[in-house]
Amino acid sequence: MKHTLFRFRSFVLAATAFLLTVPVVAHHGDAGRYDEAPFIVTGTLVEIRLTNPHSILVFEAPDSTGKVVKWQAEMGGGQQLVRQFGWNKDMPKIGDKLTLNGRKVKNGAPYMNMTEKAQIVLTDTGKEIFRTMNFGEPAPPAPAKQ
């Protein structure tokens, strides 16, 4: 009986130690935070933050009155951009003119989400440098009213 209890306790201790070493993967949803209608803006790149879990592009673009506004675009992780799209210290470059097609935050702030239904093109050449797998897919139908 003592031997069985010792084995059981050893197993529980080992299982607990293993579970504590497994990385916890969690992600926040963004339902209702962004307009689902495509939003297109053209601006000049001023900063790139290739970080995890989300990279940020900072760019300046004129608003409807012509005033230059500093925008941020949230993207996937830095390693994904390097691996999947070939981004590096020379591409894209600070000063490049970019056209971003993504989802704008609903509260009116100069902030975009580029993790879904998004694309980035170098404005001067038309070269696509970023595209999510679901870019160009239609928005889901609105729920039926009852």
Side-chain angles (χ1 to χ4, degrees), residues 7-146:
R7 270 190 185 178
F8 177 73
R9 285 183 179 168
S10 296
F11 172 77
V12 170
L13 181 63
T16 302
F18 173 75
L19 290 174
L20 291 175
T21 63
V22 175
V24 176
V25 179
H27 199 269
H28 54 88
D30 64 13
R33 187 172 175 203
Y34 299 97
D35 285 330
E36 293 302 317
F39 178 76
I40 300 170
V41 62
T42 298
T44 303
L45 185 62
V46 295
E47 183 180 353
I48 303 172
R49 298 182 209 144
L50 293 178
T51 56
N52 288 312
H54 296 283
S55 294
I56 300 288
L57 290 184
V58 180
F59 61 99
E60 293 177 339
D63 66 10
S64 60
T65 66
K67 178 184 168 199
V68 175
V69 177
K70 191 172 278 194
W71 282 78
Q72 290 189 8
E74 175 183 337
M75 306 177 70
Q79 290 300 318
Q80 174 195 10
L81 296 170
V82 170
R83 188 173 43 252
Q84 190 173 355
F85 300 104
W87 287 28
N88 58 46
K89 64 182 176 76
D90 298 318
M91 202 295 291
K93 289 185 262 196
I94 303 302
D96 279 348
K97 190 165 231 176
L98 306 175
T99 299
L100 296 90
N101 187 335
R103 299 180 303 153
K104 184 179 177 190
V105 71
K106 284 183 177 179
N107 70 8
Y111 194 89
M112 303 177 67
N113 180 285
M114 303 294 289
T115 60
E116 292 191 31
K117 299 182 180 179
Q119 176 195 45
I120 300 175
V121 173
L122 292 172
T123 307
D124 295 337
T125 64
K127 179 182 177 186
E128 183 179 74
I129 61 169
F130 174 83
R131 179 188 188 103
T132 59
M133 290 176 53
N134 62 353
F135 176 74
E137 290 182 7
K145 292 184 180 180
Q146 297 190 23

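With rounding to the nearest 0.5 Å, the separation of CG in L45 from CD1 in I120 is 9.0 Å. Here the OG1 atom belonging to T132 is positioned 9.0 Å from the NZ atom belonging to K117, to the nearest 0.5 angstrom. In this structure, CE in M75 is found 10.0 Å from CG in N113, a value given to the nearest 0.5 Å. Atoms CD and NZ, on E60 and K67 in that order, are 11.5 Å from each other to the nearest 0.5 Å. Going from atom CE of M114 over to atom OG of S55 covers 12.0 Å, rounded to the nearest 0.5 Å.
Y34 has its side chain within reach of E74: a pair of non-hydrogen atoms, C-beta onward, lies under 4.5 Å apart. Using a 4.5 Å heavy-atom threshold, the side chains of T99 and I40 count as touching. Contact of the T115 side chain with the R103 side chain is registered, since non-hydrogen atoms from C-beta on lie closer than 4.5 Å. Two residues are said to be in side-chain contact when any heavy atoms from C-beta on lie closer than 4.5 Å; I129 and W87 meet this criterion. Using a 4.5 Å heavy-atom cutoff, the side chains of L122 and K97 are not in contact.
Considering every non-hydrogen atom in both G102 and A118, the closest pair reads CA-CB, 4.3 Å. Nearest heavy atom pair, residue V58 against residue Q72, reads CG2-CG, 4.2 Å. Pairing each heavy atom of P92 with each of I48, the nearest pair is O-CD1, 3.4 Å. Closest of all the heavy-atom pairs between G95 and T44 is O-CG2, 3.6 Å. Between V46 and K70, the shortest heavy-atom contact is CG2-CE, 4.5 Å. P38 approaches N101 most closely through the heavy-atom pair CB-OD1, 3.7 Å.
A parallel orientation is assigned to the rings of W71 and F59, their planes being inclined by less than 30° (bins at 30° and 60°).
Partner M112 forms a side chain to side chain contact (heavy atoms under 4.5 Å, CB included) with one of L57, V105, V41, D35 and no other, that one being V41.
A donor-acceptor contact shorter than 3.5 Å is absent between the side chain of H54 and the backbone of G76. Counting only distance, with no hydrogens or angles, the side chain of N88 and the backbone of V82 share no donor-acceptor pair below 3.5 Å.
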